[in-house]
> 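Once you've had a glance at the structure underneath, I'll fire off some questions.
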Amino acid sequence: MKKNFFERFFKQDSLFINKRVLQSNYTPETIPHRDEQISQIAEILAPALKMERPSNVFIYGKTGTGKTLSTRYITQQLLNMAAEKGADLRVVYVNCKLKRVADTEYRLVAQLIRDFGQEIPATGLPTDEVYKIFFDILDSKRQLIILVLDEIDQLIKKTGDEPLYNLTRINEELKKSQISLIGISNDLIFIDKIDPRVKSSLSEEELVFPPYNALQIQDILKLRAKTAFKPGVISEGVIEKCAAYAAREHGDARRALELLRVAGEVAERSGVERVGIQHIDEADEKIEKDRVFDIVATQPKQFQATLYSILTTGASSKGKNLIFTGEIYENYKKLCQQIGLRPLTQRRVSDVIAELDMLGIINAKVISKGRYGRTREVSIATPPSSLPKIQKLLEDSLGL
DNA sequence: GTCAATTCACATGAAAGAGACCACGGTCTAGTG
DNA sequence: CTAGACCGTGGTCTCTTTCATGTGAATTGACGA
């Protein structure tokens, strides 16, 4: 019985050949069902090869519709071409959603400067100073810069349209260089909130990425599965079911790929040789559970306390699973006293609840109860099976 | 019964404060030649 | 004389409070039929 625990791991053949293919940062050589969009972007960007400034582009589309992928793909090709032709072209890609990287105006510009290979402190400098540095770098030589701002809606929501205004304006002052912007956004309506002048200069061209339908997702999955899995491990109907799941969620290809990958992992772990349909359900549940757990565990204390109040309020008044802000706040105050946490104001807790809603842990809907006021109607969004574990996790973390 | 005013219980916005982090420039100190 | 330690000032960023304003429909109460 002197068995090494890892022995099984090696002995058992993996179902995968190359798991990386299914991960979201993987760039395949071909992108099915996006030919039209890609060629449109290409047309718009083509003048860059002659060192003429391409129009600014705005790209919309729900998550997992291939916006980022297509943009990366086409800019890469553009770069290759530019190198051949000797055009001094640069593509800078920034994801505005990443916390502590580019989610404020200062950090965005600082990140850009870093991309140009210069160190910039994370804080401490005035923002206009940072702009000046950026400006100087840009204008140090004749070059064309294509700036890709991914998830730009996040940035705008937080900081307003200042950064965009400044970036579009910077062109007028650049002597040698030119800069053009590609904005990528999940949100179709956020652009109404920005200054019309910024809007018009930013969206000289507009492009929409429609969601994939189930058949298209199947194509994508089949293509990737061919290189990701060993032949024959995918059972009949697995791809179809994955696609159906994802198509239900507004055609999110990323989700479909994740589902397939996790299903493969689940199958592998349980020691079977083929990925079956039942593994997809398991995978779906596992993904959701992992996600929620992760979020819950990494939230700050106050969020956890609020969430705990929501859970316990919901549990105590069993039967009705809809609870209101007032009840939550009362419970929350009691809880704070119990664990010695300084309670936040109701104003703040109201925001916290809204944020928990955004994270998808709870569902909160603003309703009016007529004479009895206006409030958020909160219900718990996670599957009941994982509730006890979450509650346990929160209790540990809060010291109960 | 109808209709507009009222009213509740919060939502939502804006501004500003606290505290953490940081850069920069000036001053002080100790070590060196 | 100079390198490094040590301020003080001014900046960003996040989380939060304070103050103010907004809001949608159940309820109320006046009104006329």
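Atom set for the values below is all heavy atoms of this structure, side chains included, hydrogens, waters and symmetry mates excluded.
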> For the pair made of CD in A:Glu377 and P in B:dA9, what is the distance, rounded to whole Å?
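Whole-Å distance recorded here is 17 Å.
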> Looking at A:Asp139 and A:Leu174, would you say the former's side chain and the latter's main chain have a donor-acceptor pair under 3.5 Å?
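No; judged by distance alone, with no hydrogens or angles, the pair does not exist.
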> Do A:Glu268 and A:Lys19 sit within salt-bridge range, that is, some charged N less than 4.0 Å from a carboxylate O?
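Not counted as a salt bridge, because no side-chain N and carboxylate O are separated by less than 4.0 Å.
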> Any side-chain donor paired with an acceptor under 3.5 Å for A:Ser397 and A:Gln304?
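A:Gln304 and A:Ser397 do have a side-chain donor-acceptor pair below 3.5 Å.
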> Identify, residue by residue, the members of residues 347-366 of chain A with a heavy atom below 4.0 Å from DNA chain B, and return them in order of residue number, or none.
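Of all residues in residues 347-366 of chain A, the ones placing a heavy atom under 4.0 Å from DNA chain B are A:Arg347, A:Ser350, A:Val366.
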> I need the CZ-P distance between A:Arg371 and C:dT27, as an integer number of Å.
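After rounding, the reported distance stands at 9 Å.
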> Nearest whole Å is fine: how far is B:dC10 C1' from A:Leu344 CG?
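After rounding, the gap between these two atoms is 17 Å.
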> Could you check which of C:dT23, C:dA25, C:dT27 has an atom nearest any side-chain atom of A:Arg374?
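Of all the options, the side chain of A:Arg374 is nearest to C:dT23.
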> In whole Å, I'd like the distance from the CZ atom of A:Arg342 to the P atom of B:dA18.
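Rounded to the whole Å, the gap is 12 Å.
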> Is there a donor in the side chain of A:Thr168 and an acceptor in the side chain of A:Arg197, or the other way round, less than 3.5 Å apart?
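The criterion, which ignores hydrogens and geometry beyond distance, is not satisfied for A:Arg197 and A:Thr168.
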> Is it the case that A:Tyr332 and A:Gln302 place a side-chain donor and acceptor less than 3.5 Å from each other?
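There is such a pair (donor and acceptor under 3.5 Å, judged by atom type) between the side chains of A:Tyr332 and A:Gln302.
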> Would you give a per-nucleotide map of nucleotides 4-14 of chain C, 5' to 3', where B means the base has a protein non-hydrogen atom under 4.0 Å away, S means only the sugar-phosphate does, and - means neither?
------BBBSS
> If we only count heavy atoms from C-beta on, is the A:Pro343 to A:Lys334 side-chain gap below 4.5 Å?
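They are not in contact (no side-chain heavy atoms under 4.5 Å apart), so the answer is no.
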> Round to the nearest Å and state the distance from A:Ile367 atom CD1 to C:dA25 atom P.
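A:Ile367 atom CD1 is separated from C:dA25 atom P by 11 Å.
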> Whole angstrom is fine here: how far is it from NZ in A:Lys157 over to C1' in B:dG13?
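After rounding, the gap between these two atoms is 16 Å.
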> Ignoring hydrogens and angles, state whether a donor on the side chain of A:Tyr60 or A:Asp153 is under 3.5 Å from an acceptor on the partner side chain.
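Judged by distance alone, the side chains do not pair up.
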> Against the six-membered ring of A:Phe16, is A:Arg261 placed for a cation-pi contact (under 6.0 Å from the centre, within 45° of the normal)?
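Cation-pi check for A:Arg261 and A:Phe16: fails.
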> Which part of the nucleic acid, if any, lies within contact of A:Glu129, taking any heavy atom under 4.0 Å across all strands shown: a base, the sugar-phosphate backbone alone, or nothing?
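Result for A:Glu129 = nothing.
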> Looking only at side-chain N and O atoms, does A:Thr325 come under 4.0 Å of OP1 or OP2 in B:dA11?
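Indeed, a polar side-chain atom of A:Thr325 lies that close.
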> Sequence neighbours left out, cut at 3.5 Å: what donor-acceptor pairs do the side chains of residues 114-121 of chain A make with other protein atoms?
from     : atom 1 : to       : atom 2 : distance (Å)
A:Arg114 : NH1    : A:Gln111 : OE1    : 3.1
A:Arg114 : NH2    : A:Ile120 : O      : 3.4

